[in-house]
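Keep in mind it's a predicted model, so treat the numbers as computed, not measured.
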Amino acid sequence: MNRPLPPAGIGLVADAGLRRLDAGRVLVGGSPLRIVKLSDAGAAVVDAWLGGTPLAAVKSARGLARRLLDTGMVHPVVSPADRPPPVTVVVPAKDDADDLAALLPTIGFPTVVVDDASDDAASIERVATAHGAHLVRRAENGGPGAARMSGLDAVDTEFVVFVDADVELPAGWWHDLASHFDDPEVVAVAPRVVSAPGPSLRERYESAHSPLDLGSQPANVAPLRRVAYVPTAVFAVRADALRTIGGFDPELRVGEDVDLVWRLASEAGTVRYAPEVEARHRPRATWFAMARQRIRYGGSAVDLAERHGSLVAPARCSRWSLAAWGAVAVGRPVFGATIAAGSSSALARKLSALPGPTGEALRIAGWGHLQAGRGLAIATSRVWWPLALPLARFRRIRPAVVVAMVGPAAWQWWTGVRPAGPVRSVALRVADDMLYGVGVWRRAIARRSGRALVPDLTEWPGRRAPVETDTVAQ
């Protein structure tokens with residue numbers, strides 16, 4: 001099936017991880033990692049794009065741009081829409097009249113407020129009426145996904161934007177998001193959602209480690225990509241695409257946004273993360289509320305695993321990487337390095353398309369092993385710690401357990417994520433991760449399902465190269 005081409009006139013910018021080799025004729029990057037070979041003419045076109053030349057109205061150029069956009073090697077640069085298309089905003093609300101009163105005046109577009117069976121329904125109605133919003137009242141509380149679907153029933157515009165009541169929208173937010181929909185392949189766009197800053201340690205911690213904040217780099221959103229999901233705290237989507245896939249799953253009260261985004265990306269088109277638009281989300285009011293949130297997020301992994309299988313795996317790596325890091329963990333670092341070197345050599349033979357294949361292949365393989373180690377450490381600190389901590393009583397394994405539990409948090413502090421001093425920052429991050437694991441294990445035991453606990457072991461390099469090689473002539 002022919003996919004729609006990106007619109008002429010947009011700008012293109014390189015992804016932060018893109019590497020250009022052989023005078024620009026070989027591109028290495030994207031998510032998942034890919035290799036793209038270009039002709040001399042294709043390399044010249046990409047040079048022009050990355051130098052600021054807009055995409056021309058030439059079919060071959062737009063086809064190449066689509067390929068690079070899909071791989072995540074480049075990202076669109078769009079200008080705010082002068083006259084954005086009509087949109088309806090849907091705001092689910094449950095006993096948060098004060099937040100709703102602060103949000104509604106900043107929206108600026110027709111709005112549907114869904115009262116998800118609030119205890120104080122009169123306050124929600126009063127605020128919605130005062131700001132000219134259409135009110136939909138649910139008789140039974142169904143959670144945010146069900147409430148959003150009730151609001152969707154009242155939408156007759158092409159686009160709908162879901163906005164949580166405790167969000168602060170920036171000026172011009174729809175003008176900035178709407179331009180992404182000029183690309184007919186794009187079915188949904190989400191801005192960056194940061195935690196509102198504050199002076200307390202709790203507010204500083206949430207600002208540094210909010211699970212809603214997915215960073216400053218743009219991305220195509222899909223499972224196994226660098227940005228695997230986006231929250232629907234602010235989420236713009238084509239209404240017909242949403243209806244076609246069945247919308248939010250009403251059975252999911254947590255993780256419903258991840259499930260929806262994955263189905264949209266799989267069945268409808270491209271979901272984009274647009275961090276140039278930045279909304280603010282108010283953090284939880286207490287440490288206890290924050291802890292409950294993290295536990296609930298962990299529990300959602302089990303329900304998502306039942307629907308999406310290994311896409312929810314706590315870690316993903318090759319068997320060679322697992323073997324190499326396993327050897328290091330039991331005190332055999334030389335053996336582990338030997339395994340890593342052997343698998344890297346096998347990968348080098350698979351990448352003959354690269355200029356100077358051995359050096360670049362070793363770089364890719366080495367980086368892959370390092371990323372696998374990082375992923376295994378994070379999985380240990382978040383999900384596997386109930387199994388790992390008892391092993392720390394064995395002297396040979398203890399250093400590996402300590403590094404896995406503390407290393408990811410310490411690295412974040414070292415690289416500049418510093419809500420407090422090193423001890424408190426690391427301790428809070430480790431506790432945060434462990435609370436997520438509590439949620440995973442509690443839900444897994446209740447559901448008698450271990451799918452969210454099992455790693456995904458990919459093909460090892462000696463059998464199949466973990467990157468694909470494409471030739472794109474221009």
### Task
In sequence, state the C-alpha distance, the side-chain angles, and the governing distance for Arg67 and Val36, and then conclude on side chain to side chain contact (heavy atoms under 4.5 Å, CB included).
CA-CA 9 Å; Arg67 191 67 167 274; Val36 174; 5.6 Å; no

### Task
Dump the intermediate steps for side chain to side chain contact (heavy atoms under 4.5 Å, CB included) on Phe162 and Leu260, then the final yes or no.
CA-CA 13 Å; Phe162 299 102; Leu260 177 80; 5.8 Å; no

### Task
Starting from the C-alpha separation in whole Å, work towards a yes-or-no answer on side chain to side chain contact (heavy atoms under 4.5 Å, CB included) for Leu457 and Cys317.
CA-CA 5 Å; Leu457 302 180; Cys317 66; 4.1 Å; yes

### Query
Please walk me through it: do Val194 and Glu278 pass side chain to side chain contact (heavy atoms under 4.5 Å, CB included)?
CA-CA 7 Å; Val194 301; Glu278 190 172 290; 3.9 Å; yes

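Using a 4.0 Å cut-off between charged side-chain N and carboxylate O, Arg307 and Asp249 make a salt bridge. Between Asp47 and Arg20 there is a salt bridge, since a side-chain N of the basic residue sits under 4.0 Å from a carboxylate O of the acidic one. Between Asp183 and Arg66, at least one side-chain N (NZ, or NE/NH1/NH2) sits under 4.0 Å from a carboxylate O, which counts as a salt bridge.
Separating the CD atom in Gln371 from the CD1 atom in Ile378 is a distance of 8.5 Å, to the nearest 0.5 Å. Rounding to the nearest 0.5 Å gives a distance of 5.0 Å between CG of Leu212 and OH of Tyr297. Taking OG1 of Thr232 as the reference point, atom CG of Asp164 lies at 6.5 Å (rounded to 0.5 Å). Summarising the geometry, atom OG1 belonging to Thr71 is positioned 8.0 Å from atom CG belonging to Leu27; distances are rounded to the nearest 0.5 Å. Atoms CG and CG, from Leu64 and Leu38 in turn, are 6.0 Å apart once rounded to the nearest 0.5 Å. Taking OG1 of Thr338 as the reference point, atom CZ of Arg332 lies at 12.5 Å (rounded to 0.5 Å).
Pairing each heavy atom of Ala222 with each of Ala265, the nearest pair is CB-CB, 4.1 Å. Here the shortest heavy-atom pairing between Val383 and Trp441 reads O-NE1, 2.6 Å. Nearest heavy atom pair, residue Arg443 against residue Asp303, reads NH2-OD1, 3.0 Å. Nearest heavy atoms, His180 versus Val78: NE2-CG2, 3.7 Å. The two atoms that bring Thr157 and Ala239 nearest to each other are O-CB, 3.8 Å, heavy atoms only. Arg62 and Ala56 get closest at one heavy-atom pair: CG-O, 3.4 Å.
Checked by atom type and distance alone, the side chain of Trp413 never pairs as donor or acceptor with a backbone atom of Pro419 at under 3.5 Å. Side-chain atoms of Trp385 come within 3.5 Å of backbone N or O of Met434 as a donor-acceptor pair. A donor-acceptor pair is defined here as one N or O able to donate and one able to accept, closer than 3.5 Å; such a pair exists between the side chain of Thr415 and the backbone of Trp411. With Asp213 contributing its side chain and Gly215 its backbone, the two residues share a donor-acceptor pair below 3.5 Å. A distance-only check finds no donor-acceptor pair linking the side chain of Thr53 to the backbone of Trp49 [under 3.5 Å]. Looking at Arg225, its side chain does come within 3.5 Å of a backbone N or O of Ser31 through a donor-acceptor pair. In this structure a side-chain-to-backbone donor-acceptor pair under 3.5 Å is missing from Arg226 to Ala219. Side-chain N or O atoms of Tyr229 include none that pairs as donor or acceptor with a backbone N or O of Gly255 at under 3.5 Å. Remark: side-chain polar atoms of Trp414 are not paired, donor with acceptor, to backbone N or O of Pro422 under 3.5 angstrom. Ser310 places no side-chain N or O within donor-acceptor distance of the main-chain N or O of Ala313, the cut-off being under 3.5 Å.
The shortest side-chain heavy-atom distance between Arg272 and Pro218 falls under the 4.5 Å cut-off. Within the 4.5 Å cutoff, the side chain of Pro197 has heavy atoms near those of the Arg280 side chain. In this structure, the side chains of Phe181 and Glu158 stay at 4.5 Å or more apart for every pair of heavy atoms. Contact annotation: the side chain of Leu304 never approaches that of Leu311 to less than 4.5 Å [non-hydrogen atoms, C-beta and beyond]. You'll find the side chain of His75 stays beyond 4.5 Å of the side chain of Gln217, heavy atoms only. The closest side-chain heavy-atom distance from Asp15 to Met73 is not below 4.5 Å. The shortest side-chain heavy-atom distance between Val258 and Ser300 does not fall under the 4.5 Å cut-off. Side chains of Leu264 and Val237 form a contact here, defined as non-hydrogen atoms less than 4.5 Å apart.
Residues Phe248 and Phe235 place their aromatic rings such that the two centres sit no closer than 6.0 Å.
For Arg294, the side-chain hydrogen bond (donor to acceptor under 3.5 Å, both in side chains) test picks out Glu206, Asp432, with sequence neighbours left out.
Using a 30° and 60° split on the angle between ring planes, Trp174 and Phe109 fall in the perpendicular class, above 60°.
For Arg202, the CZ atom counts as densely surrounded, since its 6.0 Å shell holds more than 12 non-hydrogen atoms of other residues, nucleotides or ligands. Counting heavy atoms of neighbouring residues, nucleotides and ligands inside a 6.0 Å radius, atom CZ of Arg418 exceeds 12 of them.
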